[in-house]
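Just so it is clear: chains get the letters A, B, ... in the order the sequence lines come, proteins before strands, and each one is counted from 1. Please read these numbers as outputs of a predicted model, since none were measured by experiment. Side-chain atoms are counted along with the backbone in the values below, which use heavy atoms only and exclude waters and symmetry mates.
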Amino acid sequence: MPASRHTFTKDERLRSRKLIEKIIEEGKSISMNPFRISWTITELTTTFPVQVAIAVPKRFFKRAVDRNRIKRLIREVYRKNKSGIYSLLQSKEKQCAILVVFNGRKVPDYEEVEKKFLLTLQRFEEAILKNSR
RNA sequence: AAAGUCAGCCGUUCUAUCGUCUUCUUGCCAUCGGUAAGAGGGAGGAAAGUCCGGGCAGCAUAGUGCAUCCCGCCUGGCGAAUAGCCGGGGAACAAGGUGAGCAAUCAUCAUGUUACAGAUAGUGCUACAGAAAAGGAAACCGCCCCAUGGUAGCAAUACUUUAGGGUAAGGGUGAAAACGUGAGGUAAGAGCUCACGCUCCUUCGUGGUAAUGCGGGGGAAUAGAAAACCUCGGGAGCUGAAAGAUCAAAUAAGUUGCGGUGAUGCUUCAUCACGAAACUACCAAAGGGUUGCACGCCCGAUUGUCUGUAAAGAUAGCCGCAACGGGUAGAUCGCUCGACCCCGAAUUAUUCGGGGCGACAGAUAAAUGAUAGAAGUCCUUUAUCUUUGGUGGAGGAUACAGAACCCGGCUUAUAAGCUGACGAACCAG
């Protein structure tokens, strides 16, 4: 597994309706403005340790262009900074399904997303560590 | 002129790094997939709203009515199209020019506008203001008559108070005041009467493919809005890609239970008897279909075996219903070229073959991207030169917006640029 590469292929995306429903029903979550991460430790059908889905609510962003833009920004930041989570989960030999929700009201720029999402990811890693003990 | 408004056209480009979906080729792992590399392709004029019309798919389909939805002047062209667009014409309306008329109004000219069937089928509505807002209703001011009191006057009469009545001409309110103008008439007035005029219906003649125009006769009515309901005419079977198909059987086979039929009546023919054929009814005996509803219509087992003297009964088969069973947000297909044109063949409205024309993203919790830099275009400012311009510097702007089965339209959103129209001044009055 070439963990150093910043890829984001089909298998790294969370594409199963069932799993998403499972996260919403029984997953744990942390919030940190403007992001919210929900996850559940489960077995996946892929060899990657994590599958991610990104959601932007239609309530706050009526136009599809805005929603697409936000999703793409979050995806880029995740793609470039996912290695920490990967190595963490691989060391625990676990797999995880994650749902990222953007709760802001304005379309952010790249710098803002990078700064805040990285912080959120850190909190997420800490939460995983706590839970596995 | 400039700003601006409206309509149409157009809808910037390149490089680097890191990524993404898809097709093909090659290598490796390995077996129908994974992975790596390379090459090709990867949002729009509206992809949007989902407002019309189709293709395609499934289900349904004798027929009629009701409901629901869509369309609404005529004609020619394009078109699959009763959609839409373009051209021509008709009608209505608007503010103008010219002419006729006492006037209302009419004729004509050019321009613009029109979801342009019906408000004279019916029900309801018409804010505010106003006395009154739709049975030809309504009396605030005004006008007139009669009675009565007062003042002035010799008197006629004039002014005036109060009560009753008449009056829709005038004023005022309003988007709109219930036909308009002129004359007669009257106490004052009024379609009360007459003439002319406006609107609608009908009939005859005539021009036009038609919408409809012109002329004559007869009749009726007189506000607006049909984008309030509605009426008339024309059209539409219903549901939409989460359609639908396939993935070992795929809500099948099979099993069980319940109900029914098996075994109704009548007519004709035939026989010693058994029987045969057709019809009808309960709605059959249960049930099903007609996919919004109703009427109506249609489908639907009735064929054997056994027991019994017979009546009848049992059962197979068949029909219907219910339960069990198997499946359940996974994969593949649909899913990416065509409602196009020409020729030939078969054949009778389709198929096959060949050629041409124009297109050629195919994702599925959602690919087509992110970051950095540069160019282009436009604006502001500034410097300079060979000054109606050119060349530099600095700063700013670069819209609306993201495919979701596919087409043809409509509607709405749009920076900058381009094109056209309107729009100032001047002249005249």
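Rounding to whole angstrom units, CG of residue A/L73 and C1' of B/C18 are separated by 15 Å. Going from atom CD of A/E12 over to atom P of B/A365 covers 17 Å, rounded to whole Å. With rounding to whole Å, A/E111 atom CD is found 12 Å from B/A372 atom C1'. Rounded to an integer number of Å, the gap from A/K80 NZ to B/U20 P is 13 Å. Distance, A/W39 CH2 to B/A365 C1': 21 Å, rounded to whole Å. If you take CZ of A/R79 and P of B/U371, they are 11 Å apart, rounded to a whole angstrom. Straight-line distance from the CZ atom of A/R75 to the C1' atom of B/A367: 8 Å, rounded to whole Å. Distance, A/E114 CD to B/C18 C1': 13 Å, rounded to whole Å.
Nearest-nucleotide mapping onto RNA chain B: of A/F8 and A/L99, the residue sitting toward the 5' end is A/F8.
Contact annotation: the side chain of A/I37 approaches that of A/L121 to within less than 4.5 Å [non-hydrogen atoms, C-beta and beyond].
Within the 4.0 angstrom heavy-atom criterion, no nucleotide atom of any strand lies near A/I54. A/R67 comes within 4.0 angstrom of no nucleic acid atom, judged by non-hydrogen atoms across all strands.
For the P atoms, the distance from B/U256 to B/A316 is 11 Å, rounded to whole Å. Look at the P atom in both B/U5 and B/A413: the space between them is 14 Å, to the nearest Å. Taking atom P on both B/U382 and B/A16, the two are 40 Å apart, rounded to the nearest angstrom. Between B/A100 and B/A176, the distance separating the two C1' atoms is 32 Å to the nearest Å. Remark: the separation of the P atoms in B/A312 and B/U264 is 9 Å, to the nearest Å. Across B/A190 and B/G166, the matching C1' atoms stand 12 Å from one another, rounded to whole Å. With C1' as the reference atom, B/C128 and B/U157 are 49 Å apart, rounded to whole Å. B/U414 and B/U398 have their P atoms separated by 15 Å, with the value rounded to a whole Å.
Among pairs with a residue in residues 51-66 of chain A, those fulfilling salt bridge (Lys or Arg N to Asp or Glu O under 4.0 Å) read A/R63-A/D66, at least two apart in sequence or across chains.
Residues A/F102 and A/F35 bring their aromatic ring centres within 6.0 Å.
The minimum heavy-atom distance between A/F61 and A/R67, with the atom names listed, is O-NH1, 2.9 Å. Contact between A/V107 and A/R69 at its shortest, heavy atoms only, is CG1-CG, 4.1 Å. Pairing each heavy atom of A/R36 with each of A/N103, the nearest pair is CB-ND2, 4.0 Å.
Pairing partner, B/A421: B/U5, with both Watson-Crick or wobble hydrogen-bond distances short of 3.5 Å.
For B/U371, the OP1/OP2 oxygens have a side-chain nitrogen or oxygen of A/R69 closer than 4.0 Å.
Base orientation of B/G182: anti, since the glycosidic angle falls outside 90° of 0. Base orientation for B/G296: anti, the chi torsion being more than 90° from 0. In textbook terms, a nucleotide whose glycosidic angle is within 90° of 0 is syn, and B/A43 is one such case.
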Listed pairs, N/O of protein and of nucleotides 398-404 of chain B, under 3.5 Å:
{"from": "B/A401", "atom 1": "OP2", "to": "A/R63", "atom 2": "NH1", "distance (Å)": "2.2"}
{"from": "B/G402", "atom 1": "OP2", "to": "A/A64", "atom 2": "N", "distance (Å)": "3.4"}
{"from": "B/G402", "atom 1": "OP2", "to": "A/V65", "atom 2": "N", "distance (Å)": "3.3"}

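A cation-pi arrangement is absent between A/R79 and A/F8 under the rule of less than 6.0 angstrom and at most 45 degrees off the ring axis.
Residues passing the side chain to side chain contact (heavy atoms under 4.5 Å, CB included) test with A/K80 are A/E76, A/Y110, sequence neighbours excluded.
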